[in-house]
Amino acid sequence: MGGSGPVHLHSGINGWFAETARDLPWREPDCSPWGVLVSEIMLQQTPVVRVLPVWREWLERWPSPADLAAEPAGEAVRHWGRLGYPRRALRLHAAAVAIGRDHGGQVPDTYTELLNLPGVGSYTAAAVAAFAFGRRETVVDTNIRRVHARLISGVALPSPSLTAAEMRLAAELLPDDDGTSVRWNAAVMELGALVCTARAPKCSVCPVRDSCAWLAAGEPPPSYVPKGQAWHGTDRQVRGAVMAVLRVADTPVPPEMFTQEPADLGFAPEGIGVPLAALHRLNSAPEQLERALAGLLSDGLAELQQGGYRLPA
DNA sequence: TATTCGTGGCT
DNA sequence: TAGCCAAGAAT
């Protein structure tokens, strides 16, 4: 289909984007490919407003992949802060190392090369190729999937996991022209983020509401109930609390600090008191704490040094 | 294919 | 208030 296809959708959504798009630093023309790559990794499952300050500090500290690669991986994890999913920091560091080793320090500009970088999957590879290098790529994220589901397929939500049919549809909708396709990808994503939202979509301000199959069908409800993400009492919660301790610790943390009540330790936990108290407040079972610590070691998010836990060197 | 993996704002 | 959900990747 391509350019001979839904030109009214292209002009409608791209026109809306030109007027409404947020001013995000990684969209600035002078933003480096490295800046785009960092933004895409940080934005995985993480809202824009939370990424913004961390992204700015990150690029000021590490303006190029080589700058990050020159530091221990633990520094990346430490400065990841509370963005969540700290393995992303580890992988971004590994990607910086790979870029220096395999690509002469330059972020690669093809989908395939990007896909081979740690932490870069099909979405991120396509997004960086498109937004950093102007390539025509089929970018499919959760926003784009939701817009397509409603606008084209007439259903409230996309299927639980990405299907081949969705990729086919996205490829068919993609404008033929390179520049237009890049704007289209960004514009549909932005429409999903600001208007065609998961809950309470703002259809009254949608630029393509007259073309929306879901509206035309009378806004049918979802055919399935999305599975909630458990948190309280989970291993993930414990891992998160342990990581919060390790991020602020400047010396290895002995296991007793995690397993024993602060009052029973007999000595002050110097500097890590607040996150340590939060961890103990969880009152998690000993075996759960064991699983969390073992998992962090296994994932490379922590290592043992002088009998204590610390961020990786 | 289904799970696992953080965090916090919003409703 | 408790649950929903966010520019996914790896296994």
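None of these values were measured; they are calculated from a predicted model. Reminder, nothing fancy here: chain letters follow the sequence lines and each chain counts from 1.
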Engineer: Report, one pair per line, the protein and nucleotides 8-11 of chain B atoms (nitrogen or oxygen only) whose separation is under 3.5 Å.
Structural biologist:
{"residue": "B:dG8", "atom": "OP1", "partner": "A:Arg82", "partner atom": "NE", "Å": "2.3"}
{"residue": "B:dG8", "atom": "OP2", "partner": "A:Arg82", "partner atom": "NE", "Å": "3.4"}
{"residue": "B:dG8", "atom": "OP2", "partner": "A:Arg82", "partner atom": "NH2", "Å": "2.9"}
{"residue": "B:dG8", "atom": "O4'", "partner": "A:Arg50", "partner atom": "NH2", "Å": "3.2"}
{"residue": "B:dG8", "atom": "N3", "partner": "A:Arg50", "partner atom": "NH2", "Å": "3.4"}

Engineer: Quick one: which residue pairs count as a side-chain hydrogen bond (donor to acceptor under 3.5 Å, both in side chains) with a foot in residues 214-233 of chain A, not counting sequence neighbours?
Structural biologist: none
Engineer: Kindly indicate whether the side chain of A:Gln45, heavy atoms from C-beta on, has any atom under 4.5 Å from the side chain of A:Tyr85.
Structural biologist: yes
Engineer: Roughly how far apart, to the nearest Å, are B:dT4 and C:dA7 at atom P?
Structural biologist: 23 Å
Engineer: Within residues 239-246 of chain A, find the residues that approach DNA chain B with a heavy atom at under 4.0 Å, and present them sorted by residue number.
Structural biologist: A:Arg239, A:Gly240
Engineer: Tell me which residues in residues 28-46 of chain A lie within less than 4.0 Å of DNA chain C, going by non-hydrogen atoms.
Structural biologist: A:Glu40, A:Leu43, A:Gln44, A:Gln45
Engineer: Taking atom CD of A:Glu28 as the centre, does the number of heavy atoms from other residues, nucleotides or ligands within less than 6.0 Å exceed 12?
Structural biologist: yes
Engineer: Nearest whole Å is fine: how far is B:dG6 C1' from A:Tyr85 OH?
Structural biologist: 6 Å
Engineer: For nucleotides B:dG9 and C:dA9, find the distance between their C1' atoms and express it as a whole number of Å.
Structural biologist: 24 Å
Engineer: Side chain of A:His10, backbone of A:Leu174: donor and acceptor closer than 3.5 Å?
Structural biologist: no
Engineer: Which residue, A:Ala193 or A:Gly119, contacts DNA chain C at a nucleotide closer to its 5' end, judged by nearest heavy atom?
Structural biologist: A:Ala193
Engineer: Mind checking side chain to side chain contact (heavy atoms under 4.5 Å, CB included) for A:Val51 and listing every partner two or more places apart, or none if nothing turns up?
Structural biologist: A:Trp26, A:Met42, A:Leu43, A:Thr46, A:Trp55, A:Leu83
Engineer: Which distance, rounded to the nearest 0.5 Å, do you find between the OG of A:Ser64 and the CG of A:Leu59?
Structural biologist: 10.0 Å
Engineer: More than 12 non-hydrogen atoms from neighbouring residues, nucleotides or ligands closer than 6.0 Å to CG on A:Asp23, yes or no?
Structural biologist: no
Engineer: Quick one: pull up CG in A:Asp178 and CZ in A:Arg135 and give me the separation to the nearest 0.5 Å.
Structural biologist: 9.0 Å
Engineer: Could you tell me from which nucleotide to which nucleotide of DNA chain C, 5' to 3', there is an atom under 4.0 Å from chain A heavy atoms?
Structural biologist: C:dG3 to C:dA10
Engineer: Assign A:Ala198 to base, sugar-phosphate, or nothing according to its heavy-atom contacts below 4.0 angstrom with the strands shown.
Structural biologist: sugar-phosphate
Engineer: Work out which heavy atom in A:Phe133 is nearest to a heavy atom in A:Pro108; give both atom names and the distance.
Structural biologist: CE1-O, 3.2 Å
Engineer: C1' atom, C:dT11 versus B:dT1: distance in rounded Å?
Structural biologist: 11 Å
Engineer: Hey, are the side chains of A:Leu293 and A:Pro255 touching, using non-hydrogen atoms and a 4.5 Å cut-off?
Structural biologist: no
Engineer: Reckon A:Gly84 touches a base, only the sugar-phosphate, or nothing at all at heavy-atom distances under 4.0 Å?
Structural biologist: base
Engineer: With a 3.5 Å distance limit and no angle check, can you tell me whether A:Gln288 reaches the backbone of A:Gly233 through a side-chain donor-acceptor pair?
Structural biologist: yes
Engineer: Please tabulate the protein-to-nucleotide N/O contacts below 3.5 Å involving nucleotides 1-4 of chain B, giving atom names and distances.
Structural biologist:
{"residue": "B:dT3", "atom": "OP2", "partner": "A:Lys227", "partner atom": "NZ", "Å": "3.3"}

Engineer: For A:Arg145 and A:Ser161, indicate whether the former's side chain and the latter's backbone hold a donor-acceptor pair under 3.5 Å.
Structural biologist: yes
Engineer: Within the 4.5 Å heavy-atom criterion, are A:Arg136 and A:Asp177 side-chain neighbours or not?
Structural biologist: no
Engineer: Assign A:Leu24 to base, sugar-phosphate, or nothing according to its heavy-atom contacts below 4.0 angstrom with the strands shown.
Structural biologist: base
Engineer: Once you apply a heavy-atom cut-off of 4.0 Å, does A:Trp26 come out as touching a base, just sugar-phosphate, or nothing?
Structural biologist: base
Engineer: Is the shortest side-chain heavy-atom distance between A:Leu37 and A:Val120 below 4.5 Å?
Structural biologist: yes
Engineer: What are the residues of residues 139-148 of chain A, sorted by number, that bring a heavy atom to within less than 4.0 Å of DNA chain C?
Structural biologist: A:Asp141, A:Thr142, A:Asn143, A:Arg146
Engineer: Indicate the atoms forming the closest heavy-atom contact of A:Pro175 with A:Thr180, along with that distance.
Structural biologist: CB-CG2, 3.8 Å
Engineer: Could you pull out all residues at least two apart from A:Val155 that satisfy side chain to side chain contact (heavy atoms under 4.5 Å, CB included)?
Structural biologist: A:Ala149, A:Ser153
Engineer: Just checking A:Arg247: base, sugar-phosphate only, or nothing, at a heavy-atom cut-off of under 4.0 Å?
Structural biologist: sugar-phosphate
Engineer: Can you tell which of A:Glu71, A:Glu75, A:His79 makes a side chain to side chain donor-acceptor pair (under 3.5 Å) with A:Trp62?
Structural biologist: A:Glu71
Engineer: How would you label the contact of A:Pro118 with the nucleic acid (heavy atoms, under 4.0 Å): base, sugar-phosphate, or nothing?
Structural biologist: sugar-phosphate
Engineer: Please work out which residues in residues 92-99 of chain A have a non-hydrogen atom less than 4.0 Å from an atom of DNA chain C and list them by number.
Structural biologist: none
Engineer: Donor-acceptor pairs under 3.5 Å, side chain of residues 182-207 of chain A to any protein atom, not counting sequence neighbours: which ones?
Structural biologist:
{"residue": "A:Asn185", "atom": "ND2", "partner": "A:Glu137", "partner atom": "O", "Å": "2.9"}
{"residue": "A:Asn185", "atom": "ND2", "partner": "A:Ser181", "partner atom": "O", "Å": "3.3"}
{"residue": "A:Glu190", "atom": "OE1", "partner": "A:Arg22", "partner atom": "NE", "Å": "3.4"}
{"residue": "A:Glu190", "atom": "OE1", "partner": "A:Arg22", "partner atom": "NH2", "Å": "2.8"}
{"residue": "A:Glu190", "atom": "OE1", "partner": "A:Arg27", "partner atom": "NH2", "Å": "2.6"}
{"residue": "A:Glu190", "atom": "OE2", "partner": "A:Arg22", "partner atom": "N", "Å": "2.9"}
{"residue": "A:Glu190", "atom": "OE2", "partner": "A:Arg22", "partner atom": "NE", "Å": "3.0"}
{"residue": "A:Glu190", "atom": "OE2", "partner": "A:Arg27", "partner atom": "NH1", "Å": "3.3"}
{"residue": "A:Thr197", "atom": "OG1", "partner": "A:Arg199", "partner atom": "O", "Å": "2.9"}
{"residue": "A:Thr197", "atom": "OG1", "partner": "A:Ala200", "partner atom": "O", "Å": "3.4"}

Engineer: Just checking A:Ala200: base, sugar-phosphate only, or nothing, at a heavy-atom cut-off of under 4.0 Å?
Structural biologist: nothing
Engineer: Name all pairs fulfilling the side-chain hydrogen bond (donor to acceptor under 3.5 Å, both in side chains) condition that reach into residues 297-312 of chain A, sequence neighbours left out, sorted by first residue then second.
Structural biologist: A:Arg239-A:Asp299, A:Glu303-A:Arg310
Engineer: Taking atom OG1 of A:Thr138 and atom CG of A:Leu173, what is their separation to the nearest 0.5 Å?
Structural biologist: 9.5 Å
Engineer: Are A:Leu92 and A:Trp58 packed together at the side-chain level, in the sense that at least one heavy-atom pair is separated by less than 4.5 angstrom?
Structural biologist: yes
Engineer: How many whole angstroms separate atom CH2 of A:Trp80 from atom P of B:dC5?
Structural biologist: 18 Å
Engineer: I want to check something: taking the side chain as every heavy atom from C-beta on, are A:Val128 and A:Pro33 in contact at a cut-off of under 4.5 Å?
Structural biologist: no
